[in-house]
Amino acid sequence: MVESIGCATNGKCVYADGFDTYLRENIQTAQAIIIAFTIKDHSMGSRFKMYDDRQFCNGHRTVTMGKPFGYIISGDYRAEKNLQTIIEKRAEVGGNFLAGIATDEKDTDRSIDTLAAKIVYAAEHHYVQPSNFLGVGGMKIFRDLIWLMQSMMKADHKFYISHGQYDFPQKKCGTMMKMYLVGALMSNEKLMKKAGNKVKEGMIAPYIKALEK
């Protein structure tokens with residue numbers, strides 16, 4: 001929860017460690033993205049989790065949409081059904097063509113060659129695959145969320161407008177007015193400094209009550 005919403009208003013990461021710049025100037029400008037990892041605890045491992053957490057400054061914006069994705073995985077991937085769903089969902093919601101997944105389960109060299117060929121083809125031809133249920137459903141959830149919280153998630157809101165992602169009418173005026181008030185408060189640096197961790201405590205308050213029961 002440390003500064004997890006510090007980038008909500010302007011989309012800039014609060015940590016000045018150079019990662020924000022590297023993310024935008026290298027990763028987001030690449031023609032394609034290939035992620036390599038060894039399966040640990042039925043997941044991509046703690047190293048990838050660290051990377052994922054640090055790119056939270058992207059908010060809910062699909063800034064790498066249109067780029068083909070590929071994975072090189074070491075481990076028993078065929079047995080990891082949940083991990084397979086996560087990888088497919090990440091590509092679908094992000095608007096990325098999942099070019100392939102190379103593993104060391106069988107014929108490693110051939111699977112890597114196949115992945116490479118698909119990645120190159122997709123990048124050269126700007127191939128975009130139609131979204132399935134995961135892609136359509138995931139974007140509807142984010143679309144509804146950002147629309148209601150547009151006053152607070154300002155950077156996300158601008159991104160959604162510029163990419164035509166608001167394709168429906170919303171009439172939850174009461175909720176939106178509350179979010180505008182929250183957004184105004186968050187934009188005030190003096191108030192946020194006085195509030196300290198109160199904002200984060202408010203976000204997790206319902207979960208604390210549930211745990212106490």
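Under the 4.5 Å side-chain criterion, counting only non-hydrogen atoms from C-beta, Leu83 is not in contact with His42. The shortest distance between side-chain heavy atoms of Glu80 and Ile39 falls below 4.5 Å. Between Phe37 and Ile73 there is a side-chain heavy-atom pair separated by less than 4.5 Å. Contact check for Asp156 versus Phe142: no side-chain heavy atoms found under the 4.5 Å cut-off.
When all heavy atoms are compared, the tightest approach of Ala122 to Pro68 is CB-CB, 3.7 Å. In terms of heavy-atom proximity, Phe19 sits nearest to Gln55 at CE2-N, 3.9 Å. Here the closest non-hydrogen pair linking Lys67 and Ile33 is CD-CD1, 4.3 Å. Taking every heavy atom of both residues into account, Ser74 and Asp104 meet most closely at OG-OD2, 2.7 Å. Counting all heavy atoms, side chain and backbone alike, Arg24 lies closest to Thr29 at O-CG2, 3.3 Å.
In this structure a side-chain-to-backbone donor-acceptor pair under 3.5 Å is present from Asn132 to Gly135. Between the side chain of Gln84 and the main chain of Tyr77, a donor-acceptor pair closer than 3.5 Å is present. Under the 3.5 Å distance criterion, the side-chain polar atoms of Gln28 are left unmatched by any main-chain donor or acceptor of Val63. Under the 3.5 Å distance criterion, the side-chain polar atoms of Gln165 are left unmatched by any main-chain donor or acceptor of Arg143.
Heavy atoms from other residues, nucleotides or ligands lying under 6.0 Å from OH of Tyr127 number more than 12. Within a 6.0 Å radius of CG in Asp41, other residues, nucleotides and ligands contribute 12 heavy atoms or fewer. Summarising the local packing, CD of Gln31 is surrounded by 12 or fewer heavy atoms from other residues, nucleotides or ligands at distances under 6.0 Å. Within a 6.0 Å radius of NE2 in His163, other residues, nucleotides and ligands contribute more than 12 heavy atoms.
Ring planes of Tyr121 and His125: parallel class, angle under 30° (limits at 30 and 60°). Between His157 and Tyr166, the ring planes lie tilted relative to each other; the angle falls in the 30° to 60° range.
Here Thr85 contributes atom OG1 and Leu134 contributes atom CG; the two are 7.5 Å apart, rounded to the nearest 0.5 Å.
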